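Below is one structure, written out as structure tokens; the observations come after it.
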Amino acid sequence: MTSRIERWGPRLFPLALLLLIAVAAWQWRAGAPVSANLLELVPSGTPDSLEQLAEKRMQEPLNRELVVLISHPDRQRTMSLAAELGQRWQQQGLFEKVQWNLQTDLQALRQQLQQQRLALLPAATRSRIIDDPAGYMAQRADDLFDPFRSQGVVATADDLLGLSVVAEKSLPISQNVQVDLSGALIADYQGTTWALLRARTTADAFDGNLPLAVSDLLEQARQQVTRDGGELIASSGLLYSAHAQRQATREISLMGSLASAGALLMMLLVFRRVRVLLAFIPAAIGVLAGLTTCVAVFGHIHVMTLILGSSLIGVAIDYPLHLLSKSWTLQPWNSWRALRATLVGLSLALATNVIGYLALAFTPFPALTQVAVFSAAGLLGAYLCTVCLLPTLLGKVEITPWHAPHDLANRLLACRTALLQRVGTPWLLLMFMVFCIAGVAQLSHKDDLRQWASVPPHLLEQSQRVSQVVGIQPTSQFFLVRADNQDHLLERQHLLSERLDKLIAAGQLKSYMALSQVIAPVEQQNQLRTAVAALPGFSQPLNALGIPQSAIEQEAQRMGELPPQRIEQVLSGPIGEPWRPLWLGTAADGQVAGLVSLQGLSNSDLLPAQSEGLDGVKLVDRLGELNRLFAATQISAAELKLASCLLIFAVLCIPFGPRGATRVLAVSLLAALASLASLGWLGQPLTLFSMFGVLLVTAIGADYAILMRERIGGSATSLLGTLLSALTTWLSFGLLAVSSTPAVSNFGLTISIGLAFSFLLAPWAADGPPRNAQP
């Protein structure tokens, strides 16, 4: 009798496939919707939109700015090479700004210093003018005899009281970069002169192929400078992103190709029919379904999802293999008859696999949620293709598989029987548990965001050298300061600055940047204005130098007429440019917010104490928060494992009953435990990805146990089908184990070991006589 699947499947599935292809084509119409942004893989960590804005603001320079240093034995050639490169890059559409020399508008700088000098003065100078005006005027007279202290961009005649020059020379400088007489930006480090070039891209490091284009452009420049006898080093998040994209492409191609080639050769060797290669169609459709679903749900797919998802080929091809493996006993071969015999097992395998993968979707990590959606959709696509279309594609072709593997399966079962006659199952279980307990006892914990990315040594070494030469050593931690108004914000940042100054004095911090360094609160500006109005009464030292009293009074009067300056006004001028990213403006709740960035931090454990007792000051340590979240999520992983096991148990109870479901689940749980123990014996750490790998071991391992529990076609046939499935899955996950990304490698190793034990333990899932092989 023809089943509904046999009647309608071959008709409806091609229509669904055409729709899937159309949706995928539309999604890729503007290019590959692939992202390499590492921050997308981790939780946002906070619902606070202002804090998210702060994190984005601090990350933006890393993701859009490229810092290049060029050196040459000839100092002049060093600067000319940088100028040639800068001029060439200016013509590129990749960059919105390229700077290799001083590009400051001196007239705008003079104007800002004159109009905003009361706001720009450092706190120490403000206090001295207010508390000791006579001392300040005496010091001003002394400074006029020293050209290095009295000369600035504002002429002395326009700055008789010296407030502009003091404001100019008091601006914090935390870099080694200087301006050559020619205007070039240079840095001298350990006897070598480096020319500095900064480039800002039109988009960030995770925008399509932009990182690859920038990386190629940089490599061309490096080759040119090297041929000229010089050296070029660079640092940027763009370069790390380009490396990640290239690495992902290599690994996806390598892993997918090797897994597919291995499965292809195995199937040709075993089944000896070219047509059985049609079994790859479900795997291909599964990958397409996973990609399309992921892009539909998330808007794009991450490169790490593609790497982890490449293992889907090994799991998706299990469904056709379960069908084809019955050809050893179901003769003469008929694909629809084989499907009717194995449909329950295939459906149970799909259910357990999907449960295992979807458990990942309930973790707080978007990376694993993407993998879960990709894999669950892919497995469903592969399953539907196997049961609806594959039997029709295979047709009535005669499949007479190689008998040697079947004979091997019989011998393996005979060896197992002989072993059990010598050593009973209870004793084997005892030895197994001793192995597991001793291995688990050796496990160490390690979770760090840096495991999620492969950091190439050459890029890391260049970044370190650039930091040393330029004097910029940014940290991932920063302070977010909020207040009811701008004056309170600046006052709170000033209090924080006093604490940070102590860390600098102790050598624990190199420098920091805060808005309070460049602008005074309006109240203090008004106090200073009052004090400046009284300075002509202490002008004897300047009168002695021939400066008329009237000129001093006019200068004080002009400053008294200067209006108070707000943060936005100071930041809009050339002086405020380095501090602009630190101003977040007014939040939705009416508060204002600003950041305090850090440079050259030696011990992050010192930071939490700096904000204690300061209202509105919060330390933002994203890396530390994520690492703490990793540890906490391991508990969630254990809870998810328990929940998925209970769900799998409930599903298995339908065909096997409670006793059979317990045997099947126990086998997969023991395999998962053995996987953890093996990590301990191998000296591998227990990471978050290990825990999620164990989740999949339980789900996929249950698939093997189900095959052995059903024993369609006999125990040897089921064991052989399990072995074929295990081999293809090992190929996929085993290749993940050699990935250069630590998290991916740990994930693949955990699953590979667990599935090996799943195969070895699968025969214990059976009890009683095998089911009838006939549908």
Side-chain angles (χ1 to χ4, degrees), residues 104 106-173 487 490-491 493-495 497-498 501 505 514-567 569-570 573-576 579:
T104 302
L106 291 180
Q107 181 57 36
L109 180 60
R110 292 190 188 97
Q111 184 177 358
Q112 183 176 13
L113 284 170
Q114 286 182 292
Q115 292 181 351
Q116 299 179 356
R117 45 189 153 178
L118 296 181
L120 296 172
L121 276 182
T125 304
R126 290 198 305 269
S127 298
R128 188 169 190 187
I129 292 175
I130 294 171
D131 300 333
D132 184 17
Y136 174 79
M137 295 297 278
Q139 181 64 51
R140 174 57 180 163
D142 292 340
D143 290 345
L144 289 173
F145 286 101
D146 186 341
F148 293 103
R149 288 188 294 176
S150 63
Q151 297 299 318
V153 296
V154 178
T156 302
D158 297 324
D159 185 34
L160 293 178
L161 298 180
L163 271 64
S164 295
V165 72
V166 172
E168 175 190 349
K169 297 185 180 301
S170 298
L171 294 173
I173 300 176
D487 276 10
L490 295 173
E491 290 168 1
Q493 286 202 354
H494 179 70
L495 293 175
S497 297
E498 291 179 341
D501 288 337
L515 295 171
S516 58
Q517 293 172 316
V518 72
I519 181 172
V522 170
E523 181 181 353
Q524 295 184 21
Q525 294 180 45
N526 292 333
Q527 292 176 359
L528 180 60
R529 185 178 295 102
T530 301
V532 167
L535 285 181
F538 304 91
S539 59
Q540 296 86 348
L542 297 183
N543 297 151
L545 297 178
I547 299 176
Q549 180 69 17
S550 59
I552 297 174
E553 291 175 352
Q554 291 174 4
E555 175 77 359
Q557 182 180 355
R558 282 194 296 269
M559 283 191 284
E561 296 171 353
L562 293 175
Q565 300 294 312
R566 312 296 292 180
I567 292 177
Q569 294 171 292
V570 173
I575 290 176
W579 284 268

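Keep in mind it's a predicted model, so treat the numbers as computed, not measured.
M137 places a side-chain heavy atom less than 4.5 Å from the side chain of L535. Using a 4.5 Å heavy-atom threshold, the side chains of L120 and L163 count as separate. Contact of the L160 side chain with the L542 side chain is not registered, since no non-hydrogen atoms from C-beta on lie closer than 4.5 Å. Side-chain atoms of V532 and Y136, non-hydrogen and from C-beta on, never get closer than 4.5 Å to each other.
Atom CG of L490 and atom CD of Q524 lie 8.5 Å apart (nearest 0.5 Å). Note that the CD atom of E168 and the CD1 atom of I575 stand 7.5 Å from one another [nearest 0.5 Å]. In this structure, the separation between CD1 on I129 and CG on L118 is 8.5 Å, given to the nearest 0.5 Å. T125 OG1 to Q139 CD: the interatomic distance, rounded to the nearest 0.5 Å, is 10.0 Å. Taken from CG in L161 to OG1 in T156, the straight-line distance is 12.0 Å, to the nearest 0.5 Å. Here E498 contributes atom CD and S516 contributes atom OG; the two are 9.5 Å apart, rounded to the nearest 0.5 Å.
Remark: the backbone N or O of Q565 is not paired with any side-chain donor or acceptor of Q116 at under 3.5 angstrom. Without hydrogens or angle criteria, D159 side chain to V165 main chain gives a donor-acceptor distance under 3.5 Å. A distance-only check finds no donor-acceptor pair linking the side chain of D487 to the backbone of E491 [under 3.5 Å]. No side-chain donor-acceptor contact under 3.5 Å links W579 to the backbone of V518. Remark: the backbone N or O of H494 is not paired with any side-chain donor or acceptor of Q517 at under 3.5 angstrom. A donor-acceptor distance shorter than 3.5 angstrom exists from the side chain of Q493 to the backbone of L515, with no hydrogens or angles considered. For Q115 (side chain) and L113 (main-chain N/O), no donor-acceptor pair under 3.5 Å exists by modelled atom type.
Contacts of S170 classified as side-chain contact (heavy atoms from CB on, under 4.5 Å), with partners at least two apart in sequence or in another chain: P122, V166. Applying the salt bridge (Lys or Arg N to Asp or Glu O under 4.0 Å) test to R566 and every residue at least two apart in sequence or in another chain returns nothing.
Ion pair E561/R558 not flagged as a salt bridge, since none of the NZ, NE, NH1 or NH2 atoms sits closer than 4.0 Å to an Asp/Glu carboxylate oxygen. Ion pair R117/E555 flagged as a salt bridge, since at least one NZ, NE, NH1 or NH2 atom sits closer than 4.0 Å to an Asp/Glu carboxylate oxygen. Using a 4.0 Å cut-off between charged nitrogen and carboxylate oxygen, R110 and D158 do not count as a salt-bridge pair.
For the pair L121 and A167, the tightest heavy-atom approach, listed with the atom from each and the gap, is CD2-N, 4.0 Å. A520 and R126 make their closest contact through CB-NH1, 3.2 Å (heavy atoms, listed as atom of the first residue, atom of the second, distance).
Within the structure, side-chain hydrogen bond (donor to acceptor under 3.5 Å, both in side chains) contacts touching residues 527-548 (residues at least two apart or in different chains) are N526-R529, S539-N543, S539-Q549, N543-Q549.
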